[in-house]
S.K.: 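Got a structure for you, questions after.
Every chain is numbered from 1, with letters handed out A, B, ... down the list of sequences. All figures in this text were calculated on a predicted structure; none of them were measured in a lab.
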Amino acid sequence: MQHLIILPVLLPLLTGVALLIHRGGALTLRRTANVLSTIALVVVGILLVAASTDDTIRYYALGDWQPPFGIILVLDRLSALMVLVTSLLALGSLLYACAGDDEQGSNFHGLFQLQLMGINGAFLTGDLFNLFVFFEVLLIASYALLMHGGGKARTHAGFHYVTLNLLGSMLFLIALGILYGTMGTLNMADMSAVVPTLDTADLGLVKAGALLLLIVFGLKAAMLPLYFWLPRAYAAAPAPVAALFAIMTKVGIYSIIRVYTLIFGEQAGPLANLAQPWIWWLGLATLALGAVGVLSARDMRTQVAYLILVSVGTLLAGIGMHNEAALGALLYYLIHTTLVSGGLFLLVDAIAQQRGKAGARIVQSRTLTQPATLGLLFFAAAIAMAGLPPLSGAFGKALLLQAATTAQQYWLWPILLGSGLASLIALSRTGSTIFWRASGEKTGITLGPLRVTATLILIGGAPLMVAFAGPITAFTQATAAQLLDRDAYVESIIARDDTGGDA
Amino acid sequence: MIALYTLMEGIIAFFLIAGSIFALIGSLGLARMKDFYMRLHGPSKISTLGVGCVLLASIAYFSLLDSGPSLQELLITIFLFITAPVSAHLLSKSALHQKLERDPRTRGNPQELQEDDDEHTSEESPQGSSKLP
Amino acid sequence: MEALFATTTGILAASGLYLALRGRTFPVVVGLTLLSYAVNLFLFSTGGLTTDGSAVIGDGGGEYADPLPQALVLTAIVIGFAMTAFSVILAMRVRGDVGSDHVNGNRVDEPREDKS
Amino acid sequence: MLDFALKVSVVLFAIAVILNLYRVAVGPSLPDRILALDTMYVNSIALIVLFGIWLGHRTYFEAALLIAMLGFVSTVAVCKYLLRGDIIE
Amino acid sequence: MSLLLIVLLPLLGSLLPLLGSNQRRHQCALLTAAMPLIALLVTLRETPGVLAGEVPRLAFSWVPALGLDLALRLDGLSLLFVLLILGIGLLIILYARHYLAEADNMPRFYAYLMLFMTSMLGIVMADNLILLWMFWELTSLSSFLLIGFWSHQSAPRKGARMALAVTGMGGLALLAGFILIGQIVGSFDMQTVLDSRDVILADPRYLPALLLVLLGAFTKSAQFPFQFWLPQAMAAPTPVSAFLHSATMVKAGVFLLARLHPALAGSQEWLYLVSLTGLVTMLYGAYFALTKLDLKAILAYSTVSHLGLITMLFGFNSQMALVAGLFHILNHATFKAALFMTAGIVDHECGTRDIRKLKGLWRYMPMTTALATITAASMAGFPLLNGFLSKEMMLTESLETPLLGGLAWLIPALATVASILSAAYALRFVRNTFFDGKPRDLKKTPHEAPFLLRLPVLVLAIVCVVVGLFPALTATGLLTAATDAAMTMPAPEPHLSIWHGFNLPLLMSTIALLGGLLVYVLRQHLFAFHRQFASRDSLAIFENAVQRLVRFTQWAIDTLENGSLQRYMLWVVISALVVAGMSLMGIETLKGELATQEASPLIIVGAVITCFAGLATAFLHRRRLISLIMLSVVGLMASLIFARFSAPDLALTQLAVEVVTVILLMLALFFLPQKTPKESSASRIVRDVLLAAGFGGVVASLNYALLTRPLNSISDFFLENSVPGGGGHNVVNVILVDFRGFDTLGEITVLCIAGIGIYKLLNRLRLFMPSSDSEGRPWSPDRYPMILASVSQSLLPMALLVSVFIFLRGHNAPGGGFIAGLVTAVALILMYIAHGVEWAQQRLSFQYQPIAVAGVAIAALTGVGSWAFGYPFLTSSFGHFHIPLIGDMELATALLFDLGVYLTVVGATLMILANLGKVTTSHRPSKQKEKA
Amino acid sequence: MIRPRKWLPMPLLSVLLLIVWLLLMNSIALGHWLLGGFLAIVIPLITKPFWEEQPRIKKPWLMVRYFFRVLLDIVVANLEASKVILDPRGRARPAFVEYSLEVQENFTITMLASTITLTPGTVSAHLRMDGKTLLIHALDVDDIDDMKRHIHERYERTLKEIFEC
Ligand code: NA
Ligand code: NA
């Protein structure tokens, strides 16, 4: 139990390593190992969430080096939640992949686990440089997975994705350099403790570092104007990978939340909440642009990619609102959008397979082999993504709308509601084209039970999140409260009896 | 004792100065000789020797004035003397391959530098288009 | 010396960025490599410039360079290497799949520039 | 005396490196540039060693050793490139 | 609990038909009807109590954060609607059973219908604003499915989409309005809201809230100017039209007006907005109903008109008007549902609904004709029928409204005009369809429809008559209860009676009927007038608008995302420049407190060389190999800089990595063009130079500022604890393998994944293989120069020895697993260069991927090992062991960790380079192989 | 001399490695002897496959003599070359010389080529693929035949004696 916190990193690492040590081997065995490990990860995620509900912030000192000197993993409500969401998404994606996508190239299963390791590490770490390292782990794994199966579109989108992220990594290092060079520490809690005591002469520098971090995280989160890699990369990725990628933008979102509540939050003295105004406007812009993109999409995958952009914008706007209710609301929305957009990627792939030559393009095509099943799932996913009741998207949006202050309402309400309407119009067009305008011979390709299960697990999240909206929102609201209680966080991590980094 | 020390210092200083002068001459040769083949001479032997001298100086310094006998730098020296001719050889090979101009006074006309009538194929023809197994 | 160091870092960063903004894959990769050299120097220097005092306990005098940025840069170098390797092979793959080494992915090797 | 010799030595090597750089920059041929780069590697070894003597400890021995080894490999690789295009075939 | 049943039973009912099959339609219909029937019985059981003034309520907490409770109520208003929904719903089920064709998927139809019924019931019973909104949106969604039921046709698809877009928009506005109300009141609980009228009306947010709520209500009820979607929704099967577009969904809008009447009504805003909208809609609908040729279109516009009428009444802020409106809701539902069903029967029997083709059907279907006549008469406001009653009440109220002040006479006048038109189109509907000669060009010979298809119409017609004759007996109780619920104060007892004596409203009614007759007779003049205006199909307009919107968005996105990486990079750079630049501008002086050190000449030379080489790399980039050589110079200089500033480990690493990188870049360059074409425009170059300079300036400024500021860092801890805590003298290495070993674990994972990813990339790579160099020279035939081969084989053992040396020393002196690994890898690569892939592969019996992965595994398992001793992951342990003969030996678990690093580096590097080399070689055209 | 065995395939290399190890460690403590000995055995075992052919030194003492001769020549060569480089008038007399090889084994040829590069005024520029002709570039040579003879007598013959007889 003591080592539970590190399991989300270690379990995928060891599984991944075991799967990669030989390139060949029985596929069934690999699949089984991967699925079992991912299920175990779900269990770990549940246990972590359960552990986090007592509102104590626990940390795991790697190498037994206490903070702020050693690297720590921190378990609070947010990190536990993110790990759980990741593992659920992973399970869905993985089951889908096991229906055949994993055979399209080499080493899928091992890379998949390492991807999870990177993501979970990023969510858990309490050290800013370690966050960089895990960013790189998850990026390199995502590069490899993006290329899974090959193809011109993937290569090309991949190059853009890789190059932009390389530039992002450089900026991350510069920002880290600035922050270390001024604060003398890397532990985020310690940074939080140091920030208010900073010399005025250093404030501008720290601000530069903090805002550069925003560029870096914004790039990951696909914030305008840094989102350009997203539509093509997501549209080009193999379906299960694209589904798993639904959490990638959330890594950026998570980092933004973490850094700008913990380090540069309310208590940061002159630097308090320095990023929120940026995040607010850029988030709204992203939201609007995402809506435009959703309408413009000629292809279902691209459409889902823009839906992700819409959700990113929504989340960013929520962060920009910087109040507790908004934070809690956006966390609820985050769970919803991650699971459902992941499921939608899978679904779109399944639909495309049954449409013959038309694939994912939004044009008239053959009748689907299983119009009822796919139609029902699409209907549900579309409702959820567009933010209509009775599915979870509506709750998320309603919570956010409620959380807006009067001044924020003028911007948030029309844009958020308008984007919902745009999604509704676009998705109804897509749905009616795909399911209603179809005619002609069926391809006969059917959706296997594995794929149905996978898609159901993810899209099923939408009704489940409605049914259990009470406890879930209670959790996310408590998470928001915990996030804003910076003192408690810092106190539970930094025992101030040594000569640490704070001046 | 002081005399001995001075002597040792003198030896080291000699190696240092000699080495650096050699290295400079080597690089000077590189900078001012007329054609590539002539430029090759300086770096490939003079510079190597120059650095060798500095390494000897270092051996002498640490063995005589610092922490007792130490021959580690010998390894680098040996390594340099083994590899420098190979580098020079490969470089001149590529120079000949590229048929670099030689100084007009150079005697001898090796076949490598004679113009042959090989047809020049275009830069990039997509030949390796077959898929790997 | 500080100004000189900073200028060097800046010039390397500028050169790297200029290359990274070119239109062909190879210069872009070279540019990012150059940029990473600059960034590594930058990150390294955040611990200050110590001219005599490598962080090996017992070596030399009592003053030691800040070992932490060095360790960070080491990690960054290795990661940068992995990323460069991947991107350069990807650049080859782009050429193989798309037939052009233009970053914007024209089908043929023709000069092209977007009008942005 | 040693101090002076060291200083002279460093200056001479620095000039040598600048001369190398000159050749790297102006070429005119690729072998010229590679040769100059190789020489620069060799001169760097000397500079590192001189620095070690200056500091009075041998922390930099490995660096010198590695420059020698890696500089060679790098030169070999470029030459192979000029000769065959394909370094590893 | 019974309230929950009323809502949940139909929901369950939406699943039941799916159990039935399309073949056994009877069973399917029965299954479907069962649940609403039970719900109706449950409702009836509650009815007496409700009529007596009880308001059964039920509430479960659902999402407190959202203010959402699962709260239901059954007050009079709810009851009125529940009875309508369930009652007419059951008739529709019966009707649809016989109406739908064999090809139609009946279970699916019923499932949608029941889903719709559930959401309708939810709306009228919701006791929480958010809950109401949820059901509200659900009606939009389920009606989308119902309208688009005949999805193989274009019109239903488009009609469904339009309806969804319009009502969806209204729904979103409604949510905003509800949230505003909730914020004003502080609760979403219905009763609290209804009791807070004074607070709401006094709040500055009242008007926006009202506008938003009305937007929702008006779109749903097809009020002007949102009326256009309703006629297009007629593409739905007729049972749907009858249910949704007469009795229920469109009524949701007016229901909402009634429901929130106690909370929102009473203001001038309400009066003008609601009643004028209603008035306009009433006239608009009536006019268009008269001009339409399709039976269902006539009825649709008629519905628009009647909904306008109801809206107008609700807007009057008067209690009696409210009663009239509610009464008309009931009456309209009955006669309009019946008329729709009649239209469906005609369509069913004749194959057309075109009023020009239909004539004299009374001969073929007398029963239907009778029913249609009765219900149409009710619609026209013919005495003794229920429509007459409410219409007369409307006329009465129109006389009493304070609206328009001095022009108040306009209201009754216009109401009368609308009634005239109403009478005219009712007459036209009946006469042109069932009388007036013989039918022409019918596809089939019509005859009377099956009885069960007519039965629902019959039931409704009876209701029309009975209510018309005995209003007090049948409707008073229900209306009183409903009005009660829709009023702030106890409602007056409505006096429902057929005869109020001779008065103005009666005169107006008479004028309406006679005027209607006149208009009907003179209708051709009206049509001629109407034909002057180009008919505009709202569906086409809407589709066109959406398509233009989509094309605009496509243009916008294509313009923004032009596929140019250069532009995307530009944005990132600009963003970084903006934020960093702005922050830097806030700094007073760049220079900090720290005294600067003087630069020695050597350092100046080094800096100059570095800068020169860096710039040269950039400006010579079009000649790629030269650029690469310049990059090498920078790499070498960087490592010298590291060495100069006391970072031997960094110097070593930088050096090794730089060499491997250059080899890698050269390997890749073989397939890429050797030169970059000159393609950047001058302006582009200037722009990029400026940007790069700006970026460099920012980096330099930041760097300078940091260098001149003192730093109080945690590093002292590492220096102090490296030896006692980490067992190593080389602090950097101890940080890497111990203090921050977790970073290193991640770092080697990255390296390992990169190797594997590259292996994936190289798989089936198609390559363009140059057969000559960039100057057109064929390659040298000498593949493996002998002297190189000969020397390199003797260097390998030496290099391995050196790597062992560097590896072992790492913990205490510069070195370590990473550098050792690179040295090994480079030595092996030299073998590949000197002898080729095949030769080297034969001699290396191991594969690289397992090596690299095993490295990560060793590092990770070393970390796990500390669990056995009760320590966290990666806790190192070390000790001095006295081994006989050898002496003191220091062993640390960190060494094992470092071994993992070593293996990963060797494995990954070779995986990258050797695999790349292999790919290229196997593609080398055979004729090139040995030319000489 | 040490005889090659299965576990000691290249005894000379092993000795060399041990020496190098001790050089690297800069210590002759027993531990280093043991570790060095271990490496001296293991590394040749690992790298054995990479040796195409093993040089056999037939006359070790001659080799030592050769070594010192070359060392001396290097110094002389450098002084001469420096003179040419520093000559302000640049009156060098460069030449390409085709030198026919008598030695045949790869290792010997390599040794000779390296020696030529390191010693007076010559760089072994190219070994033709037949392995029989070495193209030499001389920086400042008077009589080409004289130079060839010098090389043959001073270096090639000795090398042949050491390795190939
Ligand atoms: Na009508
Ligand atoms: Na190759």
S.K.: Determine yes or no for a side-chain-to-main-chain donor-acceptor pair under 3.5 angstrom, with C:Gln70 supplying the side chain and E:Ser646 the backbone.
M.R.: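 Yes.
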S.K.: Output the option from E:Thr909, E:Leu706, E:Leu664 having the highest count of non-hydrogen pairs under 4.5 Å with chain C.
M.R.: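 Top count of heavy-atom pairs under 4.5 Å with chain C: E:Leu664.
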S.K.: Looking at E:Glu679 and C:Arg24, is there a salt bridge between them, counting it only when a charged N and a carboxylate O are closer than 4.0 Å?
M.R.: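 Counted as a salt bridge, because a side-chain N and a carboxylate O are separated by less than 4.0 Å.
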S.K.: Applying ring-ring contact (aromatic ring centres under 6.0 Å, His included) as the test, list every pair that has at least one member in residues 25-50 of chain C; sequence neighbours left out.
M.R.: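 For residues 25-50 of chain C: C:Phe44-E:Phe642.
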S.K.: Just checking, any donor-acceptor pair under 3.5 angstrom between side chains of E:Asn703 and C:Thr9?
M.R.: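 Per modelled atom types, E:Asn703 and C:Thr9 side chains form a pair under 3.5 Å.
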S.K.: Specify the closest pair of heavy atoms between E:Thr676 and C:Pro27, including all atoms of both residues, with the distance to one decimal.
M.R.: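 Taking every non-hydrogen atom into account, OG1-CG, 3.8 Å.
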S.K.: Please check: side-chain N/O of E:His729 versus main-chain N/O of C:Ile57, any donor-acceptor pairing under 3.5 Å?
M.R.: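 Checked: pair present.
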S.K.: Mind checking the CD1-CZ spacing from C:Ile89 to E:Phe671? Nearest 0.5 Å is all I need.
M.R.: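 Answer for the CD1-CZ pair, C:Ile89 versus E:Phe671, is 9.0 Å.
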S.K.: With a 6.0 Å cut-off on the ring centroids, do C:Tyr18 and E:Phe619 count as close?
M.R.: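 Yes.
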S.K.: Is the side chain of E:Glu747 donor-acceptor paired with the backbone N or O of C:Ala76 at a distance under 3.5 Å, no angle test?
M.R.: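 Checked: no pair found.
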S.K.: Tell me, side chain or backbone of C:Leu12 under 4.5 Å from chain E's heavy atoms, or both, or neither?
M.R.: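 Side chain only.
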S.K.: For chain C, find which of E:Cys611, E:Ala607, E:Ala754 contributes the most heavy-atom pairs closer than 4.5 angstrom.
M.R.: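 Top option by heavy-atom pairs under 4.5 Å: E:Cys611.
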